[in-house]
Amino acid sequence: MIEINHVNKWYGPSFQALKDCTTSVAKGEVVVVCGPSGSGKSTLIKCVNALEPIQGGDITLDGVKVNDPRTDLPKLRSRVGMVFQHFELFPHLRIVENLCLAQEKVLGRRHDDAVAKGMKLLDRVGLKDHAKKFPAELSGGQQQRVAIARALAMDPIAMLFDEPTSALDPEMISEVLDVMVDLAREGMTMMVVTHEMGFANKVADRVIFMDRGEIVEDAKKTDFFGQPRSDRAQKFLSKILQH
Amino acid sequence: MIGNFDFDVIRRALPYLFFEGMRFTLTLTALAAFGGLVFGTLIALMRLSGYRLLGRVAGIYVDFMRSLPLVLVIFWFYFLVPYIGQWLTGASRPITVGAFASSLITFIMFEAAYFSEIMRAGIQSISRGQPAAANALGLTYSQTMRYVVLPQAFRNMLPVLLTQTIVLFQDTSLVYVLSITDFLGAASKVAQRDGRLVEMYLFAAVVYFVICSAASFLVRRLQARIAIVR
């Protein structure tokens, strides 16, 4: 589904954000990307739907080359859902309008159909009653669930999560993770940048560990949390699992 | 001394002052603000587009317009446009452009430079995550601008845009250089005709003051309301 081959990316002439990264996410697979801050994990996931351009290598999404200038990027992006660290709901639109905008303008769905679909998904994330509110009236956890519903409204073939719980208060993290666990169990293809090792342990098929722009470890979950692995991953894990 | 004043001259001139003069002033203000906002937004988008050439052209335009006194631009444009029109259309003689059309175009061009800077600040006030989220949903650049970025930028900048429009309302009086009858022009004509300069100019000042301070008050109220909603 997602193929990342020898990807290189620079910010400016001197800082290399991604160094020869190669990995893949198969259909139905859940891959967790972790690593210290500044390791390039967010950058990597943003390259998958070309929110960030790459300078070397190839990324293929469902057979379509992302970094080909002839690729219709809006069309390609509409098929992949993305959830951001800071939710990025559109503050000037009501919740239900947030869910309808792209359905109508990108997929060309009729307004009634878009609303019906949106309400179904809001119901699924437990926020049907908040449809007429504005994003600012919701808590962080609720906003993130809306953001997931908004992405799902496009019937995506895969979902990208960029640190979806990092900006949340601790008591709101689980309500978002619950939605994500359900999604994973339903067979959604997911690439998730997160520090939530509990989530990784529960539903991930593979775990990728990144450090300083490199993919240091790319292993099955059981192997990653088991014994043999690199020093850097070990150190990282011991630090975040300590408490 | 005040006994020598004839305030009745104002009463008699009221229909002329408001139905001719003020109507023109308000029409010109509204059309120039609307046109200035549309072109100003385009200029702002050019400056932020990332295409260096477009950005340069827009930047030079804004700097140029902001470096000239408005009176000069109005005057200059009025006399130049017929010749530019002639050159563009290849006509045999300078084309005739009415004083109203000429002043409207001038104000739109001039205000576009100011509005563009306001809209640019407004667009830059939107976090980069917003267009990223819109793009990630598959919205194109123009859809992202139209449905996500510009509505928010416009809302954030509304008080400043309205304040600039109040300034524009006052600036429209400069059309007197083209002998157009705006509100001040009308007052001035009556003043000259009846020899009542003090009364008429005093009255004009009061009218401008009342309208502008009332508008400023409303803008402040609006600002407070927007601040609560966010």
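Everything numeric in this text was worked out from a predicted model, so none of it was measured. A note on names: the letters A, B, ... follow the listed sequences, proteins ahead of strands, and every chain is numbered from 1.
If you tally non-hydrogen atom pairs under 4.5 Å between each of Pro151(B), Ser127(B), Gly138(B), Pro131(B) and chain A, the highest count goes to Gly138(B). Between chain B and the options Leu93(A), Leu89(A), Leu107(A), heavy-atom pairs under 4.5 Å are most frequent for Leu89(A). The most heavy-atom pairs under 4.5 Å with chain B, out of Ala153(A), Ser78(A), Ala147(A), Ala151(A), come from Ser78(A). For the options Ile126(B), Thr144(B), Thr140(B), Asn135(B), heavy-atom pairs under 4.5 Å to chain A are most numerous at Asn135(B). Note: Leu101(A) leads Leu101(A), Asn49(A), Asp72(A) in heavy-atom pairs under 4.5 Å with chain B. Counting heavy-atom pairs closer than 4.5 Å to chain B, the top residue among Leu76(A), Val106(A), Leu73(A), Val83(A) is Val106(A). For the options His86(A), Met82(A), Lys75(A), Arg150(A), heavy-atom pairs under 4.5 Å to chain B are most numerous at Arg150(A).
For Gln143(B) (side chain) and Ala102(A) (main-chain N/O), no donor-acceptor pair under 3.5 Å exists by modelled atom type.
Contact of Leu160(A) with chain B is not made at all, since no heavy-atom distance falls under 4.5 Å.
In this structure, CD on Glu104(A) lies 9.5 Å from OH on Tyr147(B), to the nearest 0.5 angstrom. Taking NZ of Lys105(A) as the start and CG of Leu139(B) as the end, the distance is 9.5 Å to the nearest 0.5 Å. Expressed to the nearest 0.5 Å, how far CG of Leu51(A) lies from CZ of Arg128(B) amounts to 10.0 Å.
Within a 6.0 Å radius of NZ in Lys19(A), more than 12 heavy atoms belonging to other residues, nucleotides or ligands are found. In this structure, Arg23(B) places its CZ atom where only 12 or fewer heavy-atom neighbours from other residues, nucleotides or ligands lie under 6.0 Å away. In the displayed structure, Tyr176(B) atom OH is contacted under 6.0 Å by at most 12 heavy atoms of other residues, nucleotides or ligands. In Phe39(B), the CZ atom is not crowded: 12 or fewer heavy atoms of neighbouring residues, nucleotides or ligands sit closer than 6.0 Å. When the shell of 6.0 Å around OH of Tyr11(A) is examined, it contains more than 12 heavy atoms from other residues, nucleotides or ligands. Atom CZ of Phe75(B) is surrounded by 12 or fewer heavy atoms from other residues, nucleotides or ligands within 6.0 Å.
In terms of heavy-atom proximity, Phe84(A) sits nearest to Ala136(B) at CZ-CB, 4.0 Å. Nearest heavy-atom pair across Gln152(B) and Pro91(A) is OE1-CG, 3.2 Å.
At least one side-chain heavy atom of Leu137(B) sits under 4.5 Å from a side-chain heavy atom of Met154(A).
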